[in-house]
Novice: 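First the structure, which I've put down as structure tokens, then a few questions once you've had a look.
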Amino acid sequence: MSEILNTVIIGSGPAGCTAAIYAARANLDPLIISGNVPGGQLTITPEIGNWPGAKENPAGFTLMQSLLDHAKNLGTRFVSATVEKIENNDEFKTLYLSDGQVIKTRTVIIATGATAKYLGLHSEEKYKGHGVSACATCDGFFFRGKDVAVIGGGSAAFVEAAFLSNMCNKVYLVHRRETFRAEQILIDKLEALKEKGKVEFILGATVKEIEGNGEAVTGISLSVGGAIRHVPLSGVFVAIGHKPATEVFASVIDIDDDGTIKTGFGSETACSQEGFFAAGDCADKVYRQAITSAGQGCKAALDVEHYLMQKSFK
């Protein structure tokens with residue numbers, strides 16, 4: 001493309017699509033670089049039970065298809081590629097794509113998301129979406145009254161376990177070490193739940209296998225002190241961290257030690273270099289929900305519109 005675009009959105013999940021919808025309605029003629037999986041992580045989520053107004057609990061694929069169609073219907077253009085390199089100068093940014101295209105744009109909205117870290121087991125991969133999850137807030141509802149396990153020993157794992165204890169019969173917190181890395185207030189909360197029989201700690205444990213019947217999870221096999229322990233349960237929530245998809249941007253904007261993009265430079269979604277904005281899980285350390293990502297995508301598009309008006313580009 002020889003033209004200089006107003007804005008390019010990198011990523012096609014809830015943040016990217018919402019940014020495109022708002023940008024298109026502002027006549028910015030947005031282009032989305034959708035990556036290898038249009039729709040992002042949400043497309044592999046079996047049901048979305050907490051999207052406002054969607055009482056029928058749509059599949060993640062269905063919800064994302066609706067958002068993608070909305071963006072397309074407003075005139076958003078899509079490129080199925082990934083960004084391999086970025087150059088920045090005062091007037092525009094140059095994006096070099098995996099398909100060989102070179103795109104110039106006045107602004108960039110980064111909405112590349114983050115991927116949950118998993119254990120790397122074949123059986124874990126087999127039961128993703130069928131009892132294995134990395135988001136208790138998203139999927140805990142489906143395990144009401146059942147026994148589940150949370151894998152991890154940091155604050156995120158403790159938050160997940162506390163949340164699940166409100167609806168599940170019992171929560172096993174499985175950690176490979178004997179001590180926790182979580183905040184003490186969270187440890188104290190789970191200790192109290194342990195006294196009530198709602199939580200059990202299994203420490204010094206390594207997950208060997210996710211057990212199932214071919215259709216759903218039925219338990220986990222653990223190595224504890226050299227012995228094998230089988231725990232029957234219905235769900236396994238992996239809470240060992242997330243990895244933001246931000247490596248390619250490290251040469252042009254500031255990125256935190258955990259990989260999230262630093263924002264707040266003049267506006268809520270603005271990055272450390274002018275003309276760059278970020279929204280969704282790639283810049284979110286806390287919430288990582290589809291709805292919060294969509295909200296941040298809206299903010300990023302509005303910030304871009306304001307920026308372009310200030311620069312007299314629009």
Novice: Looking at Glu191 and Lys198, is there a salt bridge between them, counting it only when a charged N and a carboxylate O are closer than 4.0 Å?
Specialist: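 Salt bridge: no.
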Novice: Between Val231 and Ile202, does the side chain to side chain contact (heavy atoms under 4.5 Å, CB included) criterion hold? Intermediate values first, please.
Specialist: CA-CA 10 Å; Val231 181; Ile202 306 178; 4.2 Å; yes
Novice: Which atoms form the tightest heavy-atom contact between Ser165 and Val199, and what is the distance?
Specialist: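 Answer, listing the atom of Ser165 first, then Val199: CB-CG2, 4.4 Å.
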Novice: To check you understand the geometry: which heavy-atom pair defines the closest contact between Ser155 and Ala182, and what is its length?
Specialist: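 Taking Ser155 first and Ala182 second, the nearest heavy atoms are OG-CA, 3.5 Å.
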Novice: Step by step, would you call Arg77 with Glu3 a salt bridge (Lys or Arg N to Asp or Glu O under 4.0 Å)?
Specialist: CA-CA 14 Å; Arg77 292 176 288 169; Glu3 62 181 320; 3.3 Å; yes
Novice: Do Thr107 and Thr7 have side-chain atoms, one donor and one acceptor, less than 3.5 Å apart?
Specialist: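 Judged by distance alone, the side chains do pair up.
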Novice: Which distance, rounded to the nearest 0.5 Å, do you find between the CD of Glu274 and the SG of Cys271?
Specialist: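 Going from the CD atom of Glu274 to the SG atom of Cys271 covers 12.0 Å.
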Novice: Identify whether the distance between the nearest side-chain nitrogen and carboxylate oxygen of Lys170 and Glu200 falls below 4.0 Å.
Specialist: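 The answer is yes: the pair qualifies as a salt bridge.
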Novice: Please check: side-chain N/O of Thr18 versus main-chain N/O of Pro14, any donor-acceptor pairing under 3.5 Å?
Specialist: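 Yes, because the side chain of Thr18 sits within donor-acceptor range (under 3.5 Å) of the backbone of Pro14.
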Novice: Determine whether Leu97 and Val102 satisfy the following criterion, side chain to side chain contact (heavy atoms under 4.5 Å, CB included), listing intermediate values before the conclusion.
Specialist: CA-CA 6 Å; Leu97 307 189; Val102 178; over 6 Å; no
Novice: Does Ser98 use its side chain to pair, donor to acceptor, with the backbone of Ala81 at less than 3.5 Å?
Specialist: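 Answer holds: no.
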Novice: Kindly indicate whether the side chain of Arg106, heavy atoms from C-beta on, has any atom under 4.5 Å from the side chain of Ile4.
Specialist: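 Arg106 reaches Ile4 side chain to side chain.
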Novice: In this structure, are over 12 heavy atoms from other groups packed under 6.0 Å from Gln65 atom CD?
Specialist: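 Count over threshold, so yes.
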Novice: Would you say Asp303's side chain and Thr269's backbone share a donor-acceptor pair under 3.5 angstrom?
Specialist: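 A pair under 3.5 Å: yes.
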Novice: So is Lys128 actually on top of Tyr118's ring, under 6.0 Å and inside 45° of the axis?
Specialist: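 Yes, Lys128 lies over the aromatic ring of Tyr118.
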Novice: Could you please spell out the steps behind the side chain to side chain contact (heavy atoms under 4.5 Å, CB included) verdict for Ser12 and Leu68?
Specialist: CA-CA 8 Å; Ser12 55; Leu68 290 163; 4.2 Å; yes
Novice: Counting C-beta onward and ignoring hydrogens, is there a side-chain heavy-atom pair between Thr62 and Ser66 closer than 4.5 Å?
Specialist: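 With C-beta onward as the side chain, the pair stays apart.
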Novice: Hey, quick one: are Phe141 and Ile48 part of the same hydrophobic cluster, counting side-chain heavy atoms closer than 4.5 Å, chains of contacts allowed?
Specialist: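 Different clusters.
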Novice: For the side chain of Ser293 and the backbone of Gln289, is there at least one donor-acceptor N/O pair under 3.5 Å apart?
Specialist: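 A pair under 3.5 Å: yes.
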Novice: Side-chain heavy atoms under 4.5 angstrom apart, residues restricted to Ile, Leu, Val, Met, Phe, Trp, Tyr: same cluster for Phe143 and Leu193?
Specialist: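 Looking at the clustering, Leu193 is in the same group as Phe143.
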Novice: Donor-acceptor pair, Glu160 side chain versus Ala136 backbone, under 3.5 Å?
Specialist: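 Here the side-chain-to-backbone pair exists.
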Novice: OH of Tyr287 to CG of Asp281: how many Å apart, nearest 0.5 Å?
Specialist: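 Between Tyr287 OH and Asp281 CG, I get 13.0 Å after rounding to 0.5 Å.
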Novice: Minimum heavy-atom separation for Thr76 to Ala24, with atom names?
Specialist: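 Closest pair (atom of Thr76, atom of Ala24, distance): OG1-CB, 4.1 Å.
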Novice: In this structure, are over 12 heavy atoms from other groups packed under 6.0 Å from Ile185 atom CD1?
Specialist: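 Not buried by this count: 12 neighbours or fewer within 6.0 Å.
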Novice: If hydrophobic clusters are built by linking Ile, Leu, Val, Met, Phe, Trp and Tyr wherever their side-chain heavy atoms come under 4.5 Å apart, do Ile151 and Val159 end up in the same one?
Specialist: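 The answer is no; the residues belong to distinct hydrophobic clusters.
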Novice: State plainly whether one hydrophobic cluster holds both Ile32 and Phe277, where clusters connect Ile, Leu, Val, Met, Phe, Trp and Tyr through side-chain heavy atoms under 4.5 angstrom apart.
Specialist: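 Ile32 clusters together with Phe277.
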Novice: Judged by atom type as modelled, is there a donor-acceptor pair below 3.5 Å linking the side chain of Thr112 to the main-chain atoms of Gly11?
Specialist: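 No, the answer is negative, given that no donor and acceptor are paired below the 3.5 Å cut-off.
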Novice: Taking Gly280's backbone N and O only, do any of them form a donor-acceptor pair with Asp284's side chain (distance below 3.5 Å, no angle check)?
Specialist: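 Side chain of Asp284 to backbone of Gly280, a donor-acceptor pair under 3.5 Å: no, none is there.
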Novice: What closest approach, in Å, do Cys17 and Leu67 show between heavy atoms, and which atom pair accounts for it?
Specialist: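 It is CB-CB, 4.0 Å.
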Novice: Do Phe201 and His175 have their ring centres less than 6.0 Å from each other?
Specialist: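 When the ring centroids of Phe201 and His175 are compared, they turn out to be at least 6.0 Å apart.
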Novice: Restricting to non-hydrogen atoms, name the atom on Leu233 and the atom on Ala149 that form the minimum distance, rounded to 0.1 Å.
Specialist: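 Heavy-atom minimum between the residues: CD2-CB, 3.5 Å.
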Novice: Against Val148, only a single residue in Asp139, Asn169, Leu164 fulfils side-chain contact (heavy atoms from CB on, under 4.5 Å); can you say which?
Specialist: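 Between Val148 and the candidates, side-chain contact (heavy atoms from CB on, under 4.5 Å) is satisfied uniquely by Leu164.
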Novice: Under 6.0 Å from the ring centre and within 45 degrees of the ring axis: does the NZ or CZ of Arg177 meet both conditions for the six-membered ring of Phe180?
Specialist: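 No.
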Novice: Within the supplied structure, the quantity of interest is the number of heavy atoms (other residues, nucleotides, ligands) at a distance under 6.0 Å from Glu215 CD; does it exceed 12?
Specialist: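 Atom CD in Glu215 is not packed in, count stays at 12 or less.
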Novice: Does any N or O in the side chain of Tyr96 come within less than 3.5 Å of the main-chain N or O of Ile103, such that one atom is a donor and the other an acceptor?
Specialist: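 It does not hold such a pair.
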Novice: Check whether Phe158 forms a cation-pi arrangement with Lys189 (NZ or CZ under 6.0 Å from the six-membered ring centre, at most 45° off the ring normal).
Specialist: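 Judged by the rule, Lys189 and Phe158 form no cation-pi pair.
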Novice: Quick one: does Val79's side chain get under 4.5 Å of Asp99's, heavy atoms only?
Specialist: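 Sidechains of Asp99 and Val79: in contact.
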Novice: Do we see a donor-acceptor contact under 3.5 Å between the side chains of Glu209 and Ser123?
Specialist: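 Note: Glu209 and Ser123 side chains meet the donor-acceptor criterion.
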Novice: For Tyr127, I'd like to know if atom OH has over 12 heavy atoms of other residues, nucleotides or ligands within 6.0 Å.
Specialist: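 Buried by this count: over 12 neighbours within 6.0 Å.
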Novice: Test salt bridge (Lys or Arg N to Asp or Glu O under 4.0 Å) on Asp258 and Lys243 and set out the steps.
Specialist: CA-CA 8 Å; Asp258 63 0; Lys243 182 181 180 182; over 6 Å; no
Novice: Could you state whether Val108 and Leu5 fall into the same hydrophobic cluster, counting links through intermediate Ile, Leu, Val, Met, Phe, Trp or Tyr residues with side-chain heavy atoms under 4.5 angstrom apart?
Specialist: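 Yes, same cluster.
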Novice: Would you check if Val304 and Ile109 make a side-chain contact, meaning some heavy-atom pair closer than 4.5 Å?
Specialist: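 Result yes, sub-4.5 Å side-chain heavy-atom pair found.
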Novice: Between OG1 of Thr94 and CG of Asn88, what distance do you get to the nearest 0.5 Å?
Specialist: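 Taking OG1 in Thr94 and CG in Asn88, the distance rounds to 8.5 Å.
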Novice: What about the rings of Phe249 and Phe276, do their centers lie closer together than 6.0 Å?
Specialist: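 No - the distance between ring centres of Phe249 and Phe276 does not fall below the 6.0 Å cut-off.
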Novice: Check for a donor-acceptor pair, side chain of Glu124 on one end and backbone N or O of Gly120 on the other, with a separation under 3.5 Å.
Specialist: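 The answer is yes, because a donor-acceptor pair under 3.5 Å joins these two groups.
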Novice: I'd like to know if the side chain of Thr260 and the backbone of Cys282 have a donor-acceptor N/O pair within less than 3.5 Å.
Specialist: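 Not at all, since once roles are kept as given, no pair shorter than 3.5 Å links the two residues.
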Novice: Counting C-beta onward and ignoring hydrogens, is there a side-chain heavy-atom pair between His230 and Ile228 closer than 4.5 Å?
Specialist: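 Contact flag for His230/Ile228 side chains = yes.
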Novice: Does CZ belonging to Arg25 count more than 12 external heavy atoms closer than 6.0 Å?
Specialist: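 Not buried by this count: 12 neighbours or fewer within 6.0 Å.
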Novice: Does some side-chain heavy atom of Phe78 sit less than 4.5 Å from a side-chain heavy atom of Leu31?
Specialist: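 No, every pair of side-chain atoms sits at 4.5 Å or beyond.
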Novice: Are Thr206 and Leu222 packed together at the side-chain level, in the sense that at least one heavy-atom pair is separated by less than 4.5 angstrom?
Specialist: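 A side-chain contact is absent here, since even the closest heavy-atom pair is not under 4.5 Å.
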Novice: Could you grab the distance from atom CZ of Arg176 to atom CD1 of Ile240, nearest 0.5 Å is fine?
Specialist: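 If we round to the nearest 0.5 Å, Arg176:CZ and Ile240:CD1 are 8.0 Å apart.
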Novice: Using 4.0 Å as the upper bound for N to carboxylate O, is an ion pair formed by Lys104 and Glu91?
Specialist: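 Salt bridge absent between Glu91 and Lys104.
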Novice: Mind running side chain to side chain contact (heavy atoms under 4.5 Å, CB included) on Thr115 and His242 for me, showing each step along the way?
Specialist: CA-CA 6 Å; Thr115 56; His242 284 74; over 6 Å; no
Novice: So how far is it from Ile110 CD1 to Ile261 CD1, rounded to the nearest 0.5 Å?
Specialist: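 Atom-to-atom, Ile110:CD1 and Ile261:CD1 are 4.0 Å apart.
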Novice: For Val236 versus Val217, what's the shortest heavy-atom pair and its separation?
Specialist: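 Here Val236 and Val217 meet closest at CG2-CG1, 4.2 Å.
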Novice: Please report the interatomic distance OG(Ser221) to NZ(Lys208), rounded to the nearest 0.5 Å.
Specialist: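 Ser221 OG to Lys208 NZ: 8.0 Å, rounded to 0.5 Å.
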